[in-house]
4 protein chains.
Amino acid sequence: MSEHRQGPVRSEAAKIAILQATAHLFQARGYDHLTMEGIAAEAGVGKQTIYRWWPSKSAVVADCLLGGLLFPDRINIPDTGNLREDLITWLGNIFELLQQPAGEVLMRSLIAAATENADVGLRLHESLGSSSSVTGRLQAAIRLSELHSVAPVEEIGEALVGAVILRALSRLPAHPGVAERLVDAVLAGHSATRATMPPVGAARVLPHS
Amino acid sequence: MSEHRQGPVRSEAAKIAILQATAHLFQARGYDHLTMEGIAAEAGVGKQTIYRWWPSKSAVVADCLLGGLLFPDRINIPDTGNLREDLITWLGNIFELLQQPAGEVLMRSLIAAATENADVGLRLHESLGSSSSVTGRLQAAIRLSELHSVAPVEEIGEALVGAVILRALSRLPAHPGVAERLVDAVLAGHSATRATMPPVGAARVLPHS
Amino acid sequence: MSEHRQGPVRSEAAKIAILQATAHLFQARGYDHLTMEGIAAEAGVGKQTIYRWWPSKSAVVADCLLGGLLFPDRINIPDTGNLREDLITWLGNIFELLQQPAGEVLMRSLIAAATENADVGLRLHESLGSSSSVTGRLQAAIRLSELHSVAPVEEIGEALVGAVILRALSRLPAHPGVAERLVDAVLAGHSATRATMPPVGAARVLPHS
Amino acid sequence: MSEHRQGPVRSEAAKIAILQATAHLFQARGYDHLTMEGIAAEAGVGKQTIYRWWPSKSAVVADCLLGGLLFPDRINIPDTGNLREDLITWLGNIFELLQQPAGEVLMRSLIAAATENADVGLRLHESLGSSSSVTGRLQAAIRLSELHSVAPVEEIGEALVGAVILRALSRLPAHPGVAERLVDAVLAGHSATRATMPPVGAARVLPHS
DNA sequence: TTTTAACCGAGACGGTACGTCTTGTCTTATA
DNA sequence: TATAAGACAAGACGTACCGTCTCGGTTAAAA
């Protein structure tokens with residue numbers, strides 16, 4: 001007794017072509033210049049084929065994001081064993097990306113898409129689509145006793161990524177040291193060891209207290 | 001030889017009608033259902049009158065935001081003298097607002113507008129358009145010695161507001177205690193006094209002090 | 001008589017289902033709301049099965065027409081022995097049909113189909129698909145010496161049916177007496193007997209000639 | 001006290017461009033290959049400008065027809081003083097037009113348009129859009145006593161034009177003499193004078209007069 | 001007081017993109 | 001192996017807005 005439906009199955013070639021076309025146009029022109037007609041044309045596909053499988057433009061973009069097509073070189077968090085350095089490197093890379101016009105458009109496009117689509121929003125919440133997310137890196141740090149075992153991993157991640165998004169929306173230029181200051185601000189009070197703690201303010205502000 | 005221009009001066013009535021219509025439609029339908037033609041019709045104004053003074057839809061919205069028309073009941077940060085409690089109250093209010101459909105749409109609409117318009121983005125960066133911003137409250141706390149005098153006020157504010165925006169984009173339900181956990185996570189390590197520090201983290205952050 | 005022969009046994013059933021579905025939808029919704037997908041769905045048949053046997057929508061309709069499925073109650077010309085009365089009855093019936101919305105749509109749908117398909121056009125030329133056509137009735141009249149033996153039977157038929165089509169296209173309301181006047185106008189000068197000739201104009205114009 | 005409305009007035013240039021583009025494409029490609037998008041493109045006009053003033057494709061065609069743009073060389077009925085000859089010439093011209101592919105398409109396109117639009121149908125009813133219609137020519141003949149004063153002018157016209165339409169739909173080749181036979185068939189019994197009556201029928205219609 | 005230029009409302013304009021619909025072909029699982 | 005179910009590319013449909021331009025009418029400062 002089968003429940004198999006009749007008829008042809010979804011064309012994988014069409015799906016791939018649509019997602020690739022979407023990724024290409026998204027990166028090239030930004031989210032709001034992205035059109036269904038443009039995607040269909042670029043993919044060599046009928047518009048209806050897109051609408052058959054995705055309800056909206058933002059859903060296609062979400063699928064792209066999920067498939068990792070929007071960040072060819074993933075913005076992963078490195079893991080050198082030093083959490084603070086790793087986070088600074090990671091945020092620094094992101095801020096550097098945001099300095100370039102293309103990167104800024106990409107980020108704001110992503111936020112715009114998240115605005116329209118819950119999946120994109122969720123994905124963004126998971127650290128810019130990276131599968132090895134901030135949370136993962138923080139938990140690794142806990143395992144290595146770099147962080148207190150009860151450190152609010154989730155909240156620290158949200159604060160860092162949220163700050164990045166907020167800065168992207170503000171279009172403020174990222175002064176050098178922003179990444180460092182942000183990491184230190186958020187990480188303060190959660191380090192388990194003195195060595196990895198920032199000497200930042202404390203050392204200078206109250207050197208002899 | 002004068003440089004006075006001829007003709008009537010800008011109609012203040014038209015400007016007010018436009019901004020009020022924009023605020024009304026923005027709150028009622030959200031940013032992406034907001035249209036120039038709709039604003040013109042609602043305000044009883046010609047389209048050209050809008051385009052004469054604002055370059056785009058997002059600019060009108062930015063002006064609304066600046067004029068405080070989008071948040072009739074300002075989301076201000078209270079100042080009871082207890083920073084932690086105040087921040088938790090403030091964030092709690094915002095998360096509560098986000099729980100309601102209208103509030104969620106409003107917030108996401110605001111982010112969408114920020115996506116298109118730098119002014120809106122900047123305004124968002126300044127703590128959700130509130131004139132008494134997070135930064136202000138934090139500096140007040142420094143003056144009262146609730147916070148270390150060198151606490152990275154700017155970064156703490158960014159982290160908190162950013163986290164709110166990120167959660168709004170993620171559409172995740174705000175579990176009770178989110179505000180508290182977030183404030184504690186970010187504030188950890190910056191308190192100057194024992195009393196205002198969260199019990200959980202504080203005990204372990206400086207176990208031997 | 002057995003059904004043991006091999007081959008596509010279902011074929012004939014599908015064909016019948018297609019024609020019936022076509023006839024049904026044609027009558028219900030008119031020619032231009034008739035779609036291949038609608039026919040396939042109604043008939044419980046794959047679209048390709050239709051395309052296998054008919055090149056186009058109009059061809060299916062032509063086949064329906066040929067099979068007499070579009071006029072369940074055929075509009076036949078009666079034969080009471082009095083040609084004039086019979087033609088007036090026949091035309092009167094048609095005009096009455098045209099007065100009803102459904103009948104009007106049906107007729108215009110038929111003309112629309114004829115526009116696209118030569119077979120439908122030919123069928124229309126043969127007196128609205130009726131197998132006992134006008135021409136047949138006229139020839140019967142000749143045999144009974146109601147009409148002159150050389151009366152241009154073909155042309156009289158074309159004139160009558162053509163006038164009906166023209167009136168259907170014009171959407172003019174059929175005033176009472178239209179059928180009578182039309183028959184008399186076209187039949188004038190072809191009657192072999194005085195008795196069957198219309199007294200209409202002749203009686204008044206040349207009453208004693 | 002005026003009732004003049006404000007705002008820009010309808011652009012005559014756009015209207016003319018649309019009608020001309022429609023006429024051109026109609027003649028070139030036929031009614032069913034005529035598209036709104038094609039008209040807009042050809043006229044250099046936005047689609048909405050067409051939809052603002054005409055509800056449908058067929059309405060634009062009706063307007064073209066009304067404006068005489070579809071028959072550059074009007075198919076007028078000549079008036080040489082001899083009704084029979086004039087009608088035969090006229091019908092002969094039309095049948096000749098129908099022999100050419102372009103002419104056939106034009107005529108069937110017109111019928112298709114009439115199928116969808118009452119105005120086109122009415123226009124067709126008035127003798128193929130000619131302003132000097134059949135009826136006019138027949139009434140002139142009555143004034144010259146070529147026709148009985150009570151001849152059913154309207155019905156004779158309908159019969160002739162209707163026959164033309166029917167033949168166009170049938171796609172039957174127009175054998176030589178069709179025009180003559182048709183005119184004689186319909187005109188029989190309405191002539192007031194012997195001279196203009198066809199020799200064939202006349203002799204037998206009133207053999208004893 | 002008259003002129004005159006910028007303002008105003010209204011809305012038509014050329015366009016872009018939308019999401020839906022239909023066509024005719026192609027593909028696959030089922031019977 | 002023919003069939004139903006249905007996915008596919010193509011493209012027309014009618015709608016919604018865009019941002020610009022044009023129309024008369026209305027101010028209000030400059031002449």
Side-chain angles (χ1 to χ4, degrees), chain A residues 2 4-11 13-15 17 32-41 43-53 55-57, chain B residues 2 4-11 13-14 17 33-41 43-53 55-57, chain C residues 6-11 13-14 32-38 40-41 43-52 54-57, chain D residues 2 4-11 13-15 17 32-41 43-53 55-57:
Chain A
S2 71
H4 294 298
R5 52 165 221 79
Q6 265 177 328
V9 95
R10 173 169 188 178
S11 158
K15 176 178 179 178
D32 50 353
H33 290 109
L34 186 68
T35 68
M36 291 303 240
E37 308 211 318
I39 296 171
V45 139
K47 272 202 291 179
Q48 197 56 51
T49 301
I50 307 182
Y51 282 108
R52 193 173 345 225
W53 302 111
S56 63
K57 184 173 75 166
Chain B
S2 71
H4 293 297
R5 49 166 221 79
Q6 266 177 326
V9 95
R10 173 170 185 177
S11 158
H33 289 109
L34 185 69
T35 68
M36 291 302 240
E37 307 210 319
I39 295 171
V45 137
K47 271 201 291 179
Q48 196 56 51
T49 302
I50 307 181
Y51 282 108
R52 205 178 339 259
W53 303 111
S56 64
K57 183 173 77 167
Chain C
Q6 53 180 177
V9 138
R10 184 115 168 80
S11 291
D32 49 354
H33 291 110
L34 187 69
T35 67
M36 292 303 241
E37 303 215 315
V45 139
K47 272 203 293 179
Q48 198 54 51
T49 303
I50 306 181
Y51 281 108
R52 217 185 320 272
W54 294 275
S56 64
K57 186 173 73 168
Chain D
S2 69
H4 295 300
R5 54 165 221 78
Q6 275 177 321
V9 93
R10 175 171 186 178
S11 158
K15 177 180 177 176
D32 50 353
H33 290 108
L34 185 69
T35 67
M36 290 304 239
E37 309 212 318
I39 296 171
V45 138
K47 264 202 298 179
Q48 196 54 50
T49 302
I50 307 182
Y51 283 108
R52 198 168 359 248
W53 302 111
S56 64
K57 184 173 74 166

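Note that the structure is a prediction, hence the values are computed from the model and not measured.
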(message) Quick check for you: to the nearest 0.5 Å, what is the distance between D/E37 atom CD and D/K57 atom NZ?
(response)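 D/E37 atom CD to D/K57 atom NZ measures 11.5 Å (nearest 0.5 Å).
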Between [atom2] on [N] and [atom1] on [X], what's the gap in Å once rounded to a whole number?
{"X": "D/M36", "N": "F/dA12", "atom1": "CE", "atom2": "P", "result": "13 Å"}
{"X": "A/D32", "N": "E/dT16", "atom1": "CG", "atom2": "C1'", "result": "14 Å"}
{"X": "D/R52", "N": "F/dC17", "atom1": "CZ", "atom2": "P", "result": "15 Å"}
{"X": "C/Y51", "N": "F/dG6", "atom1": "OH", "atom2": "C1'", "result": "14 Å"}
{"X": "B/I50", "N": "F/dG19", "atom1": "CD1", "atom2": "P", "result": "11 Å"}
{"X": "A/K15", "N": "F/dA9", "atom1": "NZ", "atom2": "P", "result": "15 Å"}

(message) Any non-hydrogen side-chain atom of D/K15 less than 4.5 Å from a side-chain atom of D/W53?
(response)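 Side chain of D/K15 against side chain of D/W53, heavy atoms only: no contact under 4.5 Å found.
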(message) A side-chain contact here means heavy atoms from C-beta on lying under 4.5 Å apart; do A/T49 and A/R52 qualify?
(response) yes
(request) Taking all heavy atoms of D/S56 and all of D/M36, pick out the closest pair and write down the distance. (result)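 Looking at all heavy atoms of both residues, the closest pair is C-CE, 3.7 Å.
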(message) If I compare all heavy atoms of B/A17 with all of B/A43, which pair ends up nearest, and what's the gap?
(response)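 Reported closest heavy-atom pair: O-CB, 3.6 Å.
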(request) Would you kindly compare D/A43 and A/S56 by the position of their nearest DNA chain E nucleotide and give the one closer to the 5′ end? (result) D/A43
(message) I want to confirm an ordering. Mapping A/G38 and D/A14 to their closest nucleotides on DNA chain E, which one lands closer to the 5' end?
(response)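 Taking each residue's closest nucleotide, the earlier one in sequence belongs to D/A14.
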Any [X] side-chain N or O less than 4.0 Å from OP1/OP2 of [N]:
{"X": "D/R10", "N": "F/dC23", "answer": "no"}
{"X": "C/T49", "N": "F/dA2", "answer": "no"}
{"X": "B/W53", "N": "E/dC8", "answer": "yes"}

(request) Using heavy atoms to find the nearest nucleotide of DNA chain F for D/P55 and B/T35 separately, return the residue whose nucleotide is more 5′. (result)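 Result of the comparison: D/P55.
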(message) Closest-nucleotide mapping onto DNA chain F: is B/Q48 or B/H33 further toward the 5' terminus? I mean the 5' end.
(response) B/H33
(request) Please confirm whether any donor atom in the side chain of A/K47 sits under 3.5 Å from an acceptor in the base of E/dG19, or the reverse. (result)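 Flag set: donor-acceptor pair detected.
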(request) Check if the side chain of C/E37 and the base of E/dC21 share a donor-acceptor pair of N or O atoms closer than 3.5 Å. (result) no
